[in-house]
Structures are given as structure tokens and as C-alpha cells.
Amino acid sequence: MSKVILIALAILLLSGCSDASKTSNTATIDKTKTSSKANIEQTTTKNSATNIEETQAMVLLSGLPTLGTTDSIAIIEMDPDSANFGNILYDYSLPKLDAPMHHLYYSPNGRLYATGLGSQCSLAEIDLVRNAKAEPVISNFECLNTNGQNVGEDIMWHNVNGELTMFVTFMGGSDLTQIDAGTVGVFNAQTNEVIKIIEARKSQVEAGQPYIMFPHGISAYGDRMVVTSSTHPTIATEIGNTITIIDLNTLKPIETIVIEDAKPVGFPSSPVEVLFVRPSIIEGVEPAILVNTLFGFETWRVPYNAKTKTFSTPEKLYNGATEGTAVPLEFYGNEDELFISHGVPGIVKRYDLKQLPSLVSSGEDIKAENGAHHMIFYKTAAGRKLIAVQNNLLNLGDAKDNDPTDVDFLVKLNHHSVTVHDLLTGERLGEINFKEKYKKGIDNIEALFGSGFTHHH
Amino acid sequence: MKIATIVVAIAVLFIASTIYTQQNKKLDTHLVEFTAPFVFGRFNLPENNPLTQESVLLGRRLFYDPILSSNNQVSCATCHKQALAFTDGLKTSVGISGNPLAFNSMSLVNLMWGPRHFFWDGRVSSLEEQAIHPIAHVDEMARNIEELIVDLNNDETYKKLFKQAFGNISEQNIAKALANFQRTLISANSRYDQYLRGEISLTAKEEQGRKLFMAHPDTKVVLRGGNCIDCHSQFLTSGFGTAFDGFSNNGLDDDQTLQPGLFTLTNNEMHRGLFKAPTLRNIAVTSPYMHDGRFATLQEVLAHYNGGIKRSKTLSPLIIEADNIAKTQSDHISLNLNDNEITAIIAFLHTLTDEKFLANRAFSSPFMAENNDDD
């Protein structure tokens, strides 16, 4: 909750930086006509049988109490050429929880997991099967034992000494009242059993020693893992400005690195998502960590020497305060490009994957909507490559209003929509506004078959 | 008097037509209920052949009934035995003529997924079409379909089952019933499936084999691989379903001895020597291997990929390129796996055995069940 207040304040401070030339956001489904539409429709019909699920997405939806709706997981048709565009094809009601589920992830073996922003269900496994009509249906939703960890954020699967292991960041750690809360859960990827909870609170370690605080983003290369220190999930004054390196041989933090300089809105930088650029993503790349800072509005690079296993001084690659963007969030990638979402003014910047760890633009920004956050990549039945952007930061809202998303100061980061764009040109082809169409907020989007396991977050 | 005659005639016609309609009326049917692993992917059922319980019941009976053959001694199950994952253990099958057939018996499992062309050479594009071929084939069952329909019409059980499933007996309905029974042959409870669901862990050797199975070797990043996944998909372990992606020339023959394979269907020279990449589900019980059953054991199969590849004009480039040692000679094709790795891959292949599937009574002979009931 504190995070959203701080973000709102940050946005006010940054007012004037954002791009005013936004597209209309009033239409629930706004199909943009193209000159090739007729051809696309013909081919769509022809190929619909074989392509039927590639254009479907799984979304986490948050109920809006004042609008009488409840949380669910839904499968949505995302092909703007389809008559079903924006329709919920399947909806599974979630149990009533103390906070919304937040992220969806497929494991390398195709198992579906979700993290949750509360204490009742900070990590869950979702069993997907097919019924006799070939439709995907959820057969079970099980909250997993985390040994009491709160506020699950990101998941990463990584081989540790040859064993596939599941790592989860818990921003609220084992006790939300701790001002320096935060843990990294280490789970048996096969059984979901807790192997270890990595906890190194700043107040509990000696001065100058590495610590883990409000971990959010997570990434790894070889035997080195990095987690960010973002913001305390409930105590507004507590914000981080570091990343911490974990030695995967010992599962202990070994180094904490400050990622901050300018403080454009006066708050600590709050590193949020992180990507360990590594050879499995780009052959022959010089490894480095890329870090987005929520309140620094920047993207940083921390070079890594794999031979000496040392990290160099962080370098600022991108400065949102001067470029007119704020709240950088996610890293996603495909075979050619790296994409970074910026909640304000609601855009996705794109970079040449082969040029990493430098950020070399590979094209015009994709103009999404306020709160541009998670994204998926897919092809239509006609073979057109698309990107869909979920435009919503959080659905935590204001308890006073009893409505998680109708809070005025959050409007800039809660557009409640998914916008669909041509990946090549950025042209907007459609929009689904979940609040208008379904009276729900949208927390996350994932391709029905996953977005790939290496570049996600 | 004349009017009375006409009225009586109309009444007789009405009663007769009502009786006929009632006798031939297709009864209500009920769709089969099942769940399958999500990761198997989407499947499509033909709109004109819904997967009904009644059609599956009929198809199962037909599958096990030698009435489908001209001498009443060969059934589908003769070459497709459940305990052998619906194969027959022979190099190439032998039907009614006693002549060895051209191909090894294909396993019948998870047929709703994978390539949409059936038989080793892909010569038919639906299970319905496939079902009729062996019945009519002179070496397999050599059954005249018209005579078969007459015989089925003389059998009260079949008359009842066809009526319940389709309304009447016809060649198309025989095919539909057989196809639908085969569609229900879903294997999804092997140790590998249980592993995928998180219910068990594989042994260290099996896990080593799984990783090798799933990896295309890359010497640049020291990734060792068995290259299996290039043709056998991760979850189904079958060939891929798109177009002819599920067909491959895996180096069994050189140009001089290359067999037609998919060329039979397409007349495309680039398809000569390409055969269907079969599912590897239950592979440990379906020996011998390859389309002509030339390899008796899994060890022989692995030895083929590890040095026995024969070069030809349509040999899969994925096989040519796959090597666990940086290539020094362009004409030498081998995975260059070590003995330990070969043992591991075979250990993983054994995890694909689904004992529940092999003994599932829903897939077994209904006649055996009837005989047991009689006892």
C-alpha cells in the first residue's frame, strides 16, 4: 500500500514529464482498422483451427468490491482480428484472500504458479488440465507452504549444483511489522517444499555486511543470484536503494550494492525488477545486471566478471527524469529485442538484444497506457507479430474506499486495460478495458503457453 | 369401398413408416468425459464424429473382434496388443495372408495429439480413414466391407450398438467407432507424467537422461544433449503436429536404399526417406524399433544415433548438426554420447512406461470381460 502512495507522490512531483499525446481510453474494445484487415480475416478463418490458442492469454483479475466482483483467473482471447477479441473464454473464481494474486509463472516443466501480495496465499500452484472438449480448465488452486512468508513477488527457476530449484522473493518476509522485512524462499522445484528461507535483515547483520530487504526482482547467472531491495509493502517510509548478490553455493548474501544517485523525487531509488544479462540470452555477451529503479526512474548496469566473480561499479544507462518517463518496471525479451515497461507515461521502450548489456534503441516506443507493466508476445492466426501490454500497477487500493482500484491518485497508474500493438510498427490494434468490460482490475498477463522462461522479469 | 381401401393403405404406410423410423432412430448419445494434461496441447475432434460413450463402446468391440477379417481370425488387436502399448512385438506385422507387412506395428497412444497424418508414411490424414485401411488390405484383414456390413447387421449386439451410437451400420460408422475408441487411448500416468505433475522425483540417472533427451548439444556452451527433442516433443514425446514437421529422415538408409516414406503421400522428392517420428510413450515395451523394426533394443537405437547414421539427400539437418564434440570432419555424423549418457537416456525412456495404461480395463478386450462374466 505504501508503495502506491509513494508512487503517486512521485508522479505528482514529476508532473510535466509525461507525454500528453495519449490515445483515447474510453472504448472498451477499440479495434483499429487497417488496410489489410480483409486479408487478415480471411486467413484467420482459414488458420483458426491450428492457431486457436496461441492468441490466448491468462490473466489475474481483481474483484472490485464496490462493483460487486471477485478475484479470478481468466483466459482471454487476444487476437484483435477475432470476433472473440477481449472475451473471457474461461473464468476460475479464486478463494477470498487478504490481497490479490500478483504474478503468474510457468515452470520449465510447464507447471503454473502464482505469487500473491498478501499473507494468506503468498505462493500458489495452479493445476491446469484439458477437458474432453480440449479446453484448458483449472482443476486445483493450492496455496503452498512458505513457512509464513508474506507478499510474494517474483519467481525464478535456476539450476543449483545440477538441481532445478525454485526461488521466490517475499517482500514482506516472515513478519510484516519488521521495518527491514524481506526474504528469499528456496523451494524444491519438484515437491514445492521449502529448502531454505534466506533472511539477512539489515538490523540483524553487522554494519557493512550484505543484507536482504524488501526483495522484489530476481535473476541469476551461474552461481550468482541478484535480488533487489525495493519498498516495504506496508510501511510507507521504508524504501530500499540496493541490490544484493547471493552465492548459490551457500545460499547466503555476499554483497550489497547501492543503485542510486540523483533521487529525482527525493525518495531512495527503490530498485524493482532486475535482469542478469548472460550468455544463455545472448551468445558471447559480457555478463551484467540491469536494474530498473522505481523512484529513481532509471535503468542501471552492473558489469560482472564471470572469471573473478566480481561486480563493477554500477553505471546509469537510462535516466527517466531527463527522458520524461517514470516508474520503470519490467524486463521482457524475445529473440531480437529487450523491452522495458515504464508506468509513466505508459510506454514500452525497446532495445536491440544483441547490443546488451548496453541499451541501444531498436525502435519507437510502444505507446500503451498509464501503468504499463507486464506484457506478452504472440502471433495472430494471420502470422502478424503482436505485443500486448497490461496497463495497471497494483490493485491494492484504499481500504477507506473499499475499492482497490477506484482511488483517484492511482488513476495514472491504473488504466485497467490491456492494449494490443503490432510488434513491428507499434501501431495499436485494440484495447480491452477490464474495469469497463468486466468491472475488475487486471494484475498480470501471461501467454497461455507461457512467455518463455529466461527473459521473463 | 375404394375410399376405404385408400384409407387403409395410408394407415398401413403410416404405421410401417413409424415402425421403420423408430427402429432406425438414432438414440441420444453421451459425450465421453475425461481430462488430459494441459501440456499435451490443443486437440481437434471431427465435427461429424463427436466423441460419444456409445461410439467408443462400439469401437472397442470392433477393435477386438475378428469379424473384421475375412477368415474371422484377425482383429485390430492382433497387431495392436494392449500389453505392448498396442504394438505386436514383431519386426513387421503379419496379417491374414501370412506375408510380412511393409511396416512395424505403430503404437496407438495419445492419437489426438501429434502429427495429423497417420501410418509411418503419413498416407492418411484422419483416424477414420486410417481405420478402414487394414480392414480392406489384402494382406491384413482382407475383408470386403459390404460383406462385413451384412454380417454386422446379422449380429443383434452390433445392431444395437450401432443404433445407439450412430443409428445405422455403414462403412463410415465402422470407421468412426474405431477412430473414437483409439482417441480414448490416452497415456498420461507414466513416471514421467507423475514427475511433470510434481508427484514424484526421477532418479539421478533418469534425470540425467531427461536432461540429455531435452537438449540439442551445443559445444560452444558445453551443453551435452541427446538431441531427442528435435523430433520428439517435450511432453508428448511424439513428432510435432504442424504440417509435416512430425516426419523426419533419421539416417537409417543411404541414397541407394532410401525408402519412399512420406514421398508416397506427397510425391515430393524432398520427402523421400522421411517417416513419422512416433511417440516414445511406452517405448520400453514396443520393441522392435523404427518403421521396419530393424532395431531390436533401445541400445541398438541409441547406437544408431551415436555413429550409425547414414547420409542421404534428405537426412535431417538437425541430425547432421548434432554432435557433443566440436565437429572436425564434415562427413562424420554422430552424437558422440558416452556410455554413461546412453544408459541415462535409456533410463529416462523407461520412465515413459505407463503401467496403468497398459492394464487399463477400459482399453482391454470386451470379449474377455464377457467371457469372465460368463464364468
Side-chain angles (χ1 to χ4, degrees), chain A residues 47-56 58 75 89-90 106-113 125-140 142 144 157 159 161-164 166 187-193 221-222 278-285 306 379 448-450 453, chain B residues 30-47 50-53 56 110 112-113 115-116 180 183-184 186 188 191-204 206-208 210-211 214-215 218-224 233-236 240-243 245:
Chain A
N47 294 336
S48 59
T50 53
N51 195 53
I52 192 164
E53 287 182 343
E54 287 183 39
T55 59
Q56 293 176 14
M58 189 166 286
I75 296 173
L89 307 175
Y90 173 75
Y106 278 104
S107 81
N109 279 341
R111 291 162 69 181
L112 182 62
Y113 290 81
E125 180 168 6
I126 301 155
D127 293 341
L128 268 177
V129 296
R130 286 183 188 278
N131 64 20
K133 295 176 183 171
E135 299 161 335
V137 293
I138 291 171
S139 60
N140 192 36
E142 181 185 5
L144 302 178
W157 284 266
N159 274 306
N161 297 321
E163 291 286 328
L164 187 69
M166 178 169 72
F187 296 82
N188 181 314
Q190 196 57 22
T191 64
N192 296 332
E193 289 170 352
Y221 168 47
R278 52 197 185 271
S280 62
I281 297 175
I282 312 122
E283 190 178 325
V285 73
K379 272 191 215 171
L448 185 58
F449 290 113
F453 306 116
Chain B
H30 307 84
L31 292 176
V32 173
E33 288 294 325
F34 66 88
T35 59
F38 169 74
V39 291
F40 278 11
R42 189 85 186 183
F43 58 84
N44 291 306
L45 297 171
E47 286 181 11
L51 191 56
T52 65
Q53 296 173 25
V56 172
N110 298 338
M112 290 191 289
W113 298 273
R116 296 295 84 201
N180 273 354
R183 288 190 173 99
T184 66
I186 299 172
R191 293 192 67 240
Y192 179 50
D193 295 297
Q194 293 167 31
Y195 158 82
L196 288 173
R197 294 195 294 263
E199 295 167 3
I200 64 161
S201 296
L202 299 180
T203 66
E206 292 165 344
E207 176 63 8
Q208 181 192 0
R210 186 190 70 80
K211 286 177 179 165
M214 303 300 168
D218 188 344
T219 54
K220 288 179 195 160
V221 291
V222 203
L223 175 66
R224 297 191 66 82
S233 58
Q234 180 181 6
F235 301 115
L236 285 166
F240 297 96
T242 307
D245 288 354

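Just so you know, these numbers come straight off a predicted model, no measurement behind them. Per chain, numbering begins at 1; letters A, B, ... match sequence-line order. Basis for what follows: all heavy atoms, side chains included, without hydrogens, waters or symmetry-related copies.
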Proximity breakdown for [X] and chain A, heavy-atom pairs closer than 4.5 Å:
| X | value |
| --- | --- |
| B:Val39 | side chain |
| B:Arg197 | backbone |
| B:Arg210 | side chain |
| B:Leu45 | side chain |
| B:Gln208 | neither |
| B:Phe235 | side chain |

If only atom types and distance count, is the side chain of A:Gln190 paired as donor or acceptor with the main-chain N or O of B:Ile200 below 3.5 Å? yes
Checking the side chain of A:Arg130 only, and the main-chain atoms of B:Thr35 only, is there a donor and an acceptor separated by less than 3.5 Å? no
Heavy-atom pair with the smallest gap, counting every atom of [X] and [Y]:
| X | Y | answer |
| --- | --- | --- |
| B:Phe43 | A:Asn131 | CZ-O, 3.6 Å |
| A:Arg111 | B:Leu196 | CD-O, 3.1 Å |
| B:Arg42 | A:Glu135 | NH1-CA, 4.1 Å |

Inter-residue atom distance B:Tyr192.OH - A:Asn109.CG, 0.5 Å rounding: 6.5 Å
Atom CG of B:Leu223 and atom OG of A:Ser280: how far apart are they, to the nearest 0.5 Å? 11.0 Å
More than 12 non-hydrogen atoms from neighbouring residues, nucleotides or ligands closer than 6.0 Å to CD on A:Glu163, yes or no? no
Greatest number of heavy atom pairs closer than 4.5 Å to chain A - which of [options]:
| options | answer |
| --- | --- |
| B:Gly241, B:Gly198, B:Ser201 | B:Gly198 |
| B:Pro37, B:Pro50, B:Gly41 | B:Gly41 |
| B:Phe34, B:Tyr195, B:Phe38 | B:Phe38 |

Answer with side chain, backbone, both or neither: which region of A:Leu448 has an atom nearer than 4.5 Å to a non-hydrogen atom of chain B? both
